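Worksheet for the structure shown next.
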There are 2 protein chains.
Amino acid sequence: MNINDLTNKLKEKNIKVSFQRIKVLEYLNNNRTHPTVDQIYNDLHLEITSLSRTTIYNTLNALVESGLVKLITIDDNTSRYDIDTRNHGHFKCQTCKNIYDFKVNIDSLSEKELKDFEINSKDVYFKGICPNCSI
Amino acid sequence: MNINDLTNKLKEKNIKVSFQRIKVLEYLNNNRTHPTVDQIYNDLHLEITSLSRTTIYNTLNALVESGLVKLITIDDNTSRYDIDTRNHGHFKCQTCKNIYDFKVNIDSLSEKELKDFEINSKDVYFKGICPNCSI
DNA sequence: AATATAATTGTAATCATTACAAAGTAGTAT
DNA sequence: ATACTACTTTGTAATGATTACAATTATATT
């Protein structure tokens, strides 16, 4: 996805296009590591010295609200963000703290009990030790 | 489960038995509402005026660490706790904020990609609108 | 009963996030 | 182009959740 595509995504969701918002979206597009606000801020701040943390929070809240970005709460204390909104699972290594994506057929889950519930998002979080750390 | 059972559970996990720990465990056993630390504190504090928030944090961290209690991070900002550690899903209503349990066969998820991963916990979180709020 | 070990408590510190007001930016109508 | 309006960005302050830490208290062991 290039900047044009990102711009169009914002327009589709009626989020006004700004330099900062494009930069945040571009960052998420290039960094599929489920970054925290702090990671985004620290990296983008190097390039855009005037950038404020509040802008990142505002932007991410708008992006999540619109459905363009997925909020990940696999961490106890810190929100993480994922531009890949397709159904997939997240595995967090308790040693190296890395978060891995994995394919999972979330829709195959049988949930008859929820037939009267309106479901807006589904998340699958696994925790454990990744191969790199289990040696 | 009565107090004897709860005491034995602590002993099995080599967590020293104390009045406060029993009380927290008993609270979770009686309140299957996925309470936050604040809810636990506010309720127990009425009965045990000397109780400290820190004790609740310490106790819950030990209980989660031992596997007796499950940490739920479906909320962005606040940890919740569940004494039911069997596999089941959690649905959070975005309107009334209630969290509902639902049956889900988490083990049916195909995760071939994770064959070299040691999996210690699995969580399924859904969000949306519950029947009471969708009228 | 004396001692060692661990738990509890209260306060202070930290970290993530939000609230808010001032300043800046862009778009629109005149 | 100018003035007006609405929205965004920024920085600081405030809030809320959690942890750090040291003093006190409780428990278990000799």
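In this text, all values refer to a predicted model and were calculated from it rather than measured experimentally. Numbered from 1 within each chain, the chains take letters A, B, ... in sequence-line order.
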Starting at CG of B:D38 and ending at C1' of D:dT19, how long is that distance when rounded to a whole Å?
15 Å
Residues 12-19 of chain A side chain polar contacts: donor-acceptor under 3.5 Å, at least two apart:
| residue | atom | partner | partner atom | Å |
| --- | --- | --- | --- | --- |
| A:K13 | NZ | A:S66 | O | 3.3 |
| A:S18 | OG | A:R21 | N | 3.1 |

Would you please classify the geometry between the B:F126 ring and the B:F102 ring as parallel, tilted or perpendicular, with 30° and 60° separating the classes?
tilted
Nearest-Å distance, CD (A:Q20) to C1' (D:dT10)?
9 Å
Nearest listed nucleotide, side chain of A:K16, among D:dT18, C:dT18, D:dC7:
D:dC7
Closest-nucleotide ordering on DNA chain C, the 5'-leading residue of B:N77 and B:R53:
B:R53
Please give me the minimum heavy-atom distance between B:H34 and B:I72, naming the atom from each residue.
CD2-CD1, 3.5 Å
So that I can tick it off, tell me whether B:R53 and B:D38 are bridged by a salt bridge, with the cut-off set at under 4.0 angstrom between side-chain N and carboxylate O.
yes
Between D:dT8 atom C1' and A:N14 atom CG, what is the distance in whole Å?
16 Å
Hey, is the main chain of B:I3 close enough, under 3.5 Å, to the side chain of B:T7 for a donor-acceptor pair?
yes
NA contact type, B:S18, heavy-atom cut-off 4.0 Å: base, sugar-phosphate, or nothing?
sugar-phosphate
Which nucleotide, C:dT17, C:dA7, D:dT9, lies nearest any side-chain atom of A:V37?
C:dT17
Mind calculating the distance between CZ (B:F19) and P (D:dT25) to the nearest angstrom?
18 Å
Starting at NE2 of B:H45 and ending at P of C:dT8, how long is that distance when rounded to a whole Å?
16 Å
If you only use heavy atoms from C-beta on, which nucleotide in D:dT19, C:dA16, C:dA7 is closest to the side chain of B:N61?
D:dT19
Listed nucleotide nearest any side-chain atom of A:N58, set D:dT18, C:dT8, D:dT9:
D:dT9
B:I48 has an atom CD1; how far is it from atom P of C:dG10, in whole Å?
12 Å
Taking 4.0 Å as the cut-off, does a side-chain nitrogen or oxygen of B:Y57 come that near to OP1 or OP2 on D:dT18?
yes
A:F117 ring center near B:Y100 ring center (under 6.0 Å):
yes
Expressed in angstrom and rounded to an integer, what is the separation of B:L60 atom CG from C:dT8 atom C1'?
14 Å
Between C:dT8 atom C1' and B:Y41 atom OH, what is the distance in whole Å?
13 Å
Tabulate protein N/O versus nucleotide N/O from nucleotides 12-14 of chain D, keeping only pairs under 3.5 Å, one per line.
| residue | atom | partner | partner atom | Å |
| --- | --- | --- | --- | --- |
| D:dT12 | O4 | A:T54 | OG1 | 3.3 |

What is the distance from atom NZ of A:K97 to atom NZ of A:K92, rounded to the nearest 0.5 Å?
5.5 Å
What nucleotide, of D:dT10, D:dT8, D:dT18, holds the atom closest to the side chain of A:S50?
D:dT10
